Amino acid sequence: MLSENDENGKFLKPYDPAATEGRIYKVWEDSGYFNPDNLPNADSRKPFTIVMPPPNANGNLHAGHALFVTLQDLMIRFKRMQGYKALWIPGADHAGFETQVVYEKKLEKEGRSRFGMDPKELYAEILEFTLANKSIMEGQVKALGASCDWSREKFTLDPDVVTRVQQTFIKMFVDGLIYRGKRTVNWCPKHQTSLSDIETESVEENTPFYTFKYGPFDIGTVRPETKFGDKHVVMHPDDMRYAQYKHGDTFDLEWINGPITATVIKDSSVDPEFGTGVMTITPWHSQVDFEIAKRHNLDMEQIIDWRGKLLPIAGEFEGMKITEARAKIIEKLASKGLLVSIDEKYQNVVKRCYKCSTMIEPQVKDQWFVKMAPLAQKAIEAVNAGEVKFIPDHEEKIFRHWMENTLDWNISRQIVWGIPIPAWFKDGDAIASLESPGEGWVQDIDTFDTWFSSGQWPLMTTGYPDGKDFETHYPTDVMETGRDIIFFWVARMICFGLYLTGKAPFHTVYLHGLVNDAHNKKMSKSKGNVINPLELTEKYGTDALRMALVVGNTPGTDLALREDKIKGYKNFANKLWNIARFILESTEGYDPSAALSENDQVIRSEFDTIIADVTKDMEAYRIYLAAEKIYHYVWDRLASELLEDSKQIFAASDEVASASRKALLRSLLNDVLKVLHPFMPFVTEEIWQSLSDTQGLLMIQEWP
RNA sequence: GCGCGGUUAGCUCAGUUGGUAGAGCGCGUCAUUGACGUUGACGAUGUCGGGGGUUCGAAUCCCUCACCGCGCACCA
């Protein structure tokens with residue numbers, strides 16, 4: 001019998017994750033096996049590689065991080081045990097705009113503002129903030145049991161990454177895939193930067209639709225405050241109602257601030273069915289109008305400044321915020337008898353900044369753009385060829401749909417926190433170069449969209465183009481990440497990978513859903529329903545949290561994280577603990593070579609069938625099923641039936657039957673620990689270390 | 001407007017190639033101090049969103065409708 005003073009006396013008490021996990025993690029880390037080069041027979045192993053999505057180093061880990069760490073660690077531990085050279089590369093993302101937004105909020109709380117700050121000073125402050133967060137996050141990733149190779153950890157601002165990202169930019173510029181363009185961009189007046197199309201949210205809103213008298217025409221608009229400079233009236237060339245007006249005709253009219261001269265433009269992009277079939281254009285503040293103006297070579301003028309206030313062209317309205325100006329402008333037009341009608345029920349799509357919900361102001365600005373069409377074409381081809389597979393597979397349709405309709409990507413950001421764009425300007429010329437091309441050239445002060453660098457992450461982490469891991473570990477195997485960043489990240493990684501190496505950076509994309517609260521509502525600070533995963537690991541143990549995140553959680557589906565579910569798996573960890581205790585106690589001095597009785601052989605092969613089934617599920621990434629199957633075997637079959645049955649056998653005085661059963665239980669326990677290890681690494685390793693017939697770390701045992 | 005999901009037990013969700021419905025939590029009854037910060041046995045609750053079709057057989061395949069969620073979208 002076990003006693004308190006025995007080496008294994010700990011089994012007399014319930015399993016204590018808090019006293020176990022840190023110690024076990026250190027044993028693993030010290031073993032060096034997180035680095036696959038140190039694994040037994042490393043050279044003959046086939047590589048299996050996962051690049052960890054680098055968490056944004058601007059805050060604590062949230063429940064979504066816990067999910068991806070768990071899933072990826074599961075895959076890695078499974079493959080490592082299966083004999084692969086399993087490499088999981090951790091990292092951290094400086095997360096350009098995201099981090100800058102977080103830091104600006106912090107400044108705001110301190111009564112400071114980034115505007116007016118010295119850019120170098122601001123950069124240094126954010127860097128310090130980011131590095132501090134990065135180190136906290138590393139500790140949190142470890143607490144979740146991540147068996148990633150810390151010796152290969154990368155940060156998106158590592159000097160080699162920065163240089164390589166800049167070189168990609170230059171290469172794309174030379175290849176004609178990046179151009180400098182004066183085009184309509186999504187401008188956030190609060191954050192004072194342009195944003196890509198996917199960094200805006202289109203929200204349908206009720207906005208009154210005004211119709212004004214514009215000379216002989218009635219024109220409609222939802223934005224009267226932009227209309228000061230409108231001097232072109234556009235209609236469809238085939239619209240017979242306006243056949244008497246010829247393209248290029250001019251006419252005089254009374255407008256907001258007095259008489260102006262307007263010109264008739266015929267353009268087939270105008271929908272004759274909409275409104276009166278006539279509109280005026282504001283090319284500087286509307287993408288559509290900009291396109292029309294460009295087609296007809298019309299001049300364009302800025303009406304609203306970068307802060308969202310009216311410029312001198314607005315006359316008496318100069319300096320007013322557009323929101324306050326609108327009502328006053330309508331009032332003035334009405335008093336002049338130019339207001340025809342108001343449709344109060346009009347539904348309009350408004351773009352908003354995805355971070356602050358400020359209304360995006362379209363502005364014309366010189367920016368760097370990536371030509372997406374040729375890149376997207378290659379990506380679609382790769383998917384068609386089966387080079388990249390999506391789990392769940394319907395995500396492929398979503399990917400395809402986006403890729404087929406993708407617009408050029410604005411990669412310039414007017415913020416300091418990011419990788420500098422290696423570009424130089426002189427007399428309207430723009431070129432890409434790391435060094436100054438000569439006298440008179442001025443360096444671009446913009447930085448890259450953070451996804452321009454993270455899009456190259458699988459290349460950076462494996463040492464593209466000639467690093468030691470590139471040959472062995474690129475293309476990687478699985479990209480496991482959130483469904484919500486399929487466009488931001490997955491699509492771009494595939495494009496960059498194909499462009500730079502001709503190979504997609506991974507063959508499988510496993511997309512998980514969101515981790516929501518217990519009622520399946522999205523977690524948010526404002527709702528106060530944010531669950532901190534680290535608190536859960538402290539309360540229930542990491543193994544319990546991991547199981548709760550994994551069981552029944554199908555890829556692509558959101559998960560409702562319930563504390564009672566985690567508690568259930570804490571009980572399971574304890575159940576396993578007590579199974580071990582029972583087996584240890586009742587098989588003392590057993591004979592490992594005892595022959596199994598016929599019945600025990602059946603029991604053994606029954607478990608072999610379960611193992612084969614679990615293995616199949618794991619290989620097909622049906623982790624949610626694999627977890628449930630092994631759980632049920634352990635609890636319902638092994639504990640509830642086989643252990644109970646064994647008590648009878650041990651009580652009867654049949655030496656042969658007892659010897660057989662003892663050998664059976666030990667063999668079942670060993671393999672249960674192995675199969676459960678990827679799911680519940682801590683408790684299984686802890687038990688493994690207490691068994692007399694086992695050697696080395698469970699972590700590197702051969703999968704049964 | 002286009003696209004993608006979902007709708008299964010009170011709640012949160014599984015159901016891998018079509019073969020008479022499952023898990024966890026919760027609930028009810030009984031037992032047990034046992035290897036078990038309990039656990040075990042038994043049990044109740046479902047016309048698997050509505051309708052139609054294919055099939056010997058449909059939660060599962062097809063069509064259609066409804067509702068919920070999400071993504072994309074330059075009609076002023």
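To find a chain, count down the sequence lines: A is the first, B the second, and so on, and within it residues start at 1. The model shown is predicted, which means the values in this text are computed figures rather than measured ones.
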Quick note, W635(A) side chain, CB onward, closest among U39(B), C75(B), G37(B) is U39(B)
Pairwise P distance, A21(B) and C36(B) [rounded to whole Å]:
39 Å
By the 4.0 Å heavy-atom rule, please label S269(A) as base, sugar-phosphate, or nothing.
nothing
Side chain Q302(A), main chain I304(A), donor-acceptor under 3.5 Å
yes
May I ask you to test the I360(A)-C353(A) pair for a side-chain heavy-atom distance under 4.5 Å?
yes
Under 3.5 Å donor-acceptor, R492(A) side chain and F488(A) backbone
yes
Determine the Euclidean distance between corresponding P atoms of C65(B) and A9(B); express it in Å to zero decimal places.
25 Å
How is V270(A) classified with respect to the nucleic acid when contacts are heavy atoms under 4.0 Å: base, sugar-phosphate, or nothing?
base
side-chain contact (heavy atoms from CB on, under 4.5 Å) involving D289(A) - partner list, sequence neighbours excluded:
M279(A), I281(A), T282(A), S286(A)
Judged by each residue's nearest nucleotide on RNA chain B, which is more toward the 5′ side, V551(A) or D197(A)?
V551(A)
Can you see if the side chain of N574(A) gets near the phosphate of C36(B) - specifically, an N or O under 4.0 Å from OP1 or OP2?
no
Write down the distance separating the C1' atoms in U60(B) and U17(B), rounded off to the nearest Å.
11 Å
Sequence neighbours left out, what passes side-chain hydrogen bond (donor to acceptor under 3.5 Å, both in side chains) with N410(A)? Give chain and number order.
S194(A), Q367(A)
Applying salt bridge (Lys or Arg N to Asp or Glu O under 4.0 Å), can you list everything that pairs with K227(A), at least two apart in sequence or on another chain?
D230(A)
Please find the pair of heavy atoms, one from M75(A) and one from V478(A), that lie closest to each other, and give the distance.
SD-CG1, 4.0 Å
Donor-acceptor pair present, E644(A) side chain and A35(B) base, under 3.5 Å
yes
Considering only C75(B), U39(B), A35(B), which nucleotide approaches the side chain of D271(A) most closely?
C75(B)
Mind running salt bridge (Lys or Arg N to Asp or Glu O under 4.0 Å) on R326(A) and E225(A) for me, showing each step along the way?
CA-CA 5 Å; R326(A) 183 178 294 182; E225(A) 68 276 11; 2.9 Å; yes
Set out, in order, the CA-CA distance, both residues' side-chain angles and the distance that settles ring-ring contact (aromatic ring centres under 6.0 Å, His included) for Y631(A) and Y569(A), then state yes or no.
CA-CA 9 Å; Y631(A) 167 86; Y569(A) 291 109; 5.3 Å; yes
Nearest-Å distance for atom pair CG/P, residues L12(A) and G37(B)
11 Å
Closest nucleotide among A14(B), G40(B), G37(B) to the P14(A) side chain:
G37(B)
F369(A) six-ring face occupied by R183(A) cation (under 6.0 Å, within 45°):
yes
Are the aromatic ring centres of F217(A) and Y245(A) under 6.0 angstrom apart?
yes
Heavy-atom side-chain contact between Y242(A) and H236(A) under 4.5 Å:
no
For the side chain of V349(A), starting at C-beta, report the closest nucleotide among U12(B), A73(B), A14(B).
A73(B)
Given atom CG of N553(A) and atom P of U12(B), what is their separation to the nearest angstrom?
15 Å
Say whether T587(A) and R666(A), considering side chains only, have a donor N or O and an acceptor N or O under 3.5 Å apart.
yes
Under 4.0 Å, counting only non-hydrogen atoms across every strand here, what does A620(A) touch: a base, just sugar-phosphate, or nothing?
nothing
Could you work out which one of C74(B), U16(B), A35(B) sits closest to the side chain of Q287(A)?
C74(B)
Just to be sure I understand the rule, does K647(A) reach a base, reach only the sugar-phosphate, or reach nothing, if contact means heavy atoms closer than 4.0 Å?
base
Do any side-chain nitrogens or oxygens of T221(A) fall under 4.0 Å of OP1 or OP2 in A76(B)?
no
Distance check, P atoms only: U7(B) and C48(B), in whole angstrom units.
13 Å
For N348(A), report the nucleic acid contact type (base, sugar-phosphate, nothing); a contact means any heavy atom under 4.0 Å.
sugar-phosphate
Within less than 4.0 Å of OP1 or OP2 of A76(B), is there a side-chain N or O belonging to Y346(A)?
yes
For atom P, what is the distance between G26(B) and C68(B), given to the nearest Å?
32 Å
Integer angstrom distance from the P of U39(B) to that of C25(B)
9 Å
What nitrogen or oxygen pairs link the protein and nucleotides 1-8 of chain B at under 3.5 Å?
unit_1, atom_1, unit_2, atom_2, d
G5(B), OP1, K397(A), NZ, 3.2

Comparing F274(A) with T200(A), nearest RNA chain B nucleotide closer to 5' gives the residue T200(A)
Does the side chain of T554(A) get closer than 4.0 angstrom to OP1 or OP2 of A14(B) through an N or O atom?
yes
Grab the CG-P distance between N578(A) and U33(B) for me, whole Å please.
17 Å
Return yes if a side-chain donor-acceptor contact under 3.5 Å exists between T20(A) and E686(A), otherwise no.
no
Starting the side chain at C-beta, find the nucleotide from U39(B), G37(B), A14(B) nearest to T557(A).
A14(B)
Contact state string [nucleotides 22-30 of chain B, B base, S sugar-phosphate only, - no protein heavy atom under 4.0 Å]:
-S-S-----
Between A73(B) and A66(B) - P atom distance, rounded Å:
26 Å
Using a heavy-atom cut-off of 4.0 Å across all strands, would you classify Y624(A) as base, sugar-phosphate, or nothing?
sugar-phosphate
Touch class at under 4.0 angstrom, heavy-atom based, for S202(A) against every strand present
base
Rounded to whole angstrom, note down the C1' distance from C62(B) over to U55(B).
12 Å
Looking for any heavy atom pair under 4.0 Å, which part of the strands does L638(A) touch: base, sugar-phosphate only, or nothing?
nothing
For RNA chain B, what are the stems built from at least three Watson-Crick or G-U pairs in a row, each pair having both distances below 3.5 Å?
B:1-7 with B:66-72, B:10-13 with B:22-25, B:27-31 with B:39-43, B:49-53 with B:61-65
Side chain of H632(A), backbone of E628(A): donor and acceptor closer than 3.5 Å?
yes
For atom CD1 of I485(A) and atom P of C70(B), their distance in whole Å:
19 Å
